[in-house]
*Asks:* 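Next up is a structure, given as structure tokens.
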Amino acid sequence: MHLNTHIPLWEGFPHVVRTQQFSRETLDGLFRIAGELVEERKKTADGPWKALGAGRTLLTLFYEPSSRTVMSFLRAATLLGMEAKNVPDPLVFSSEAKGESFDDAIRMYSGPYFESAFRIADVLVIRHPELDRIERAAAVSNVPVINAGNGSDQHPTQSLVDLYAIHYMFDELDGLHVGIVGDLERGRTCRSLAYLLGKVAKNIRLTFIAPPELQMRQDVCEYLQRHGVPYEQRSDYGDVLSTLDVLYIVRLQKERDPARVEALLPALQPLRFTAERLAEVPEHARVLHPMPIDASVPGLSEIAPELWDIARTQQDRRLAWFTQCDFGIPVRMALLAVMLTNRWERQ
Ligand code: NCD
């Protein structure tokens, strides 16, 4: 099998900063590659992808916690034959702890100063609490930079995974009614998702369900208006669940403002997803969550504990977040494969 990685490239290639960079044609190409990788890997551990990244290194720099994103990038890179390395807790263990600037750190990791054969990394994957760091990194880096989450702004590769999951589950992206519930104000996954659906899906309808203080921000709403995408903002479920194809749940982003947690948690309680709510969701629909599910106080979790085991054991196919998560590696492999095989020179 030959893996054809020549697809229409995204705007601003090779950096991945926000989901609006992606067109439907690019997504179709990425999803074709990811689908081929999924099929091929069922048959053999050593597929045609294995040599794509030989001699290249992927470096992850995470200034915020991560489980799935960092590990799926490292694994995706390894499966492509790359060397995969993580800088552990950069503010503690890298020279940034000694006062080195972020920009210098990026320049140093992405070299080269005299010879590209000696650069440390060929792809940088960065998660940072500050909104502007990914763009700054892309401006100074000599290698592709991927946004793995910039504060409460965007998390584009999660949306690629989410759309791949939706495409896999419904066999299409068009004509769906997608409800998004939770901390929409600061949830970067749902912001990226709304932007991407608004850009690439046809005849889509979005319903944002959140208390007024956590509603989707104006930038996303204006984008949807400009693209003629119908959306509704509401603070309760009403009878909307029975009309949905996808319900996308996000947790309260406690780390963004710990002082507000006590006030915001009660506001979200009426929106918790429980067995009673599930009963309203149509059989064909899917409930997604980028994870992690906040289980620190089970009685307050955005998904009630009575549903956790049902989802884990896949007893109800509507509760689909573990399947969604499974696509993290093939979709990121597809993205990296395109970066590794399409030429880019820094201007
Ligand atoms: C998300 C994130 O980091 O934004 N996690 C993830 O990468 N799947 C979601 C979240 O933390 O709520």
Side-chain angles (χ1 to χ4, degrees), residues 16-19 58 60-77 86 89-90 125-131 133-134 146-166 178 180-197 208-210 214-217 220 246-258 260-261 264-265 268 271-273 286-297 300-303 308 311-312 319-333 335-336:
V16 175
V17 181
R18 54 183 71 84
T19 52
L58 175 128
T60 56
L61 288 148
F62 277 57
Y63 296 78
E64 282 188 341
S66 174
S67 305
R68 272 154 292 272
T69 307
V70 69
M71 285 303 153
S72 61
F73 266 114
L74 293 172
R75 184 74 182 131
N86 178 45
D89 207 344
V125 180
I126 305 174
R127 170 172 287 187
H128 203 290
E130 285 175 39
L131 307 183
R133 290 303 171 97
I134 308 297
I146 303 178
N147 181 0
N150 61 323
S152 54
D153 185 16
Q154 288 228 11
H155 187 351
T157 63
Q158 179 65 45
S159 303
L160 299 179
V161 175
D162 296 340
L163 256 68
Y164 184 84
I166 292 171
V178 179
I180 310 184
V181 62
D183 184 348
L184 312 186
E185 192 209 352
R186 296 146 339 151
R188 55 193 172 200
T189 60
C190 57
R191 289 172 44 77
S192 281
L193 179 68
Y195 271 119
L196 189 56
L197 283 172
F208 301 134
I209 310 149
L214 292 174
Q215 259 298 348
M216 193 58 93
R217 280 182 264 154
V220 171
V246 175
L247 177 67
Y248 190 94
I249 304 176
V250 283
R251 71 182 172 91
L252 177 63
Q253 308 284 302
K254 292 177 173 170
E255 67 276 31
R256 299 282 164 238
D257 191 354
R260 275 175 82 203
V261 170
L264 292 174
L265 261 180
L268 281 167
L271 298 178
R272 293 184 75 216
F273 192 71
R286 294 290 180 269
V287 182
L288 303 180
H289 190 306
M291 303 212 268
I293 292 168
D294 184 352
S296 57
V297 184
L300 298 176
S301 171
E302 67 277 12
I303 297 185
W308 297 350
R312 273 186 208 126
L319 305 181
W321 48 85
F322 282 104
T323 308
Q324 171 192 3
C325 171
D326 271 354
F327 296 125
I329 293 171
V331 170
R332 291 186 170 107
M333 280 176 81
L335 188 74
L336 292 172

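We're numbering straight along the sequence, starting at 1. Note that ligands are numbered from 1 as they come in the structure, with each ligand's atoms numbered from 1 the same way.
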*Asks:* Under the salt bridge (Lys or Arg N to Asp or Glu O under 4.0 Å) test, which residues partner Glu185, sequence neighbours left out?
*Replies:*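 Once residues adjacent in sequence are excluded, the partners of Glu185 under the salt bridge (Lys or Arg N to Asp or Glu O under 4.0 Å) criterion are Arg260.
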*Asks:* Near ligand 1, which residues have a heavy atom under 4.0 Å away from one of its atoms?
*Replies:* Thr69, Arg127, His155, Gln158, Arg188, Thr189, Arg251, Gln253, Pro290, Met291, Pro292
*Asks:* Can you sort out the partners of Leu300 under side chain to side chain contact (heavy atoms under 4.5 Å, CB included), two or more places apart, ordered by chain and number?
*Replies:*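 Per chain and number, Leu300 pairs via side chain to side chain contact (heavy atoms under 4.5 Å, CB included) with Leu265, Gln269, Val297.
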*Asks:* Check this for me, if you would: do Arg133 and Glu64 make a salt bridge, where the nitrogen-to-carboxylate-oxygen distance has to be below 4.0 angstrom?
*Replies:* no
*Asks:* Applying side chain to side chain contact (heavy atoms under 4.5 Å, CB included), name anything that partners Ser67, two or more places apart in sequence or on another chain.
*Replies:*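 Ser67 satisfies side chain to side chain contact (heavy atoms under 4.5 Å, CB included) with no other residue.
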*Asks:* Distance under 6.0 Å and angle within 45° of the ring axis: does Arg332 meet both against Phe73?
*Replies:*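 Here Arg332 passes the 6.0 Å and 45° test against Phe73.
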*Asks:* Classify the ring geometry of Tyr63 against His128: parallel below 30°, tilted from 30° to 60°, perpendicular beyond 60°.
*Replies:*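 Because their plane-to-plane angle lies in the 30° to 60° range, the rings of Tyr63 and His128 count as tilted.
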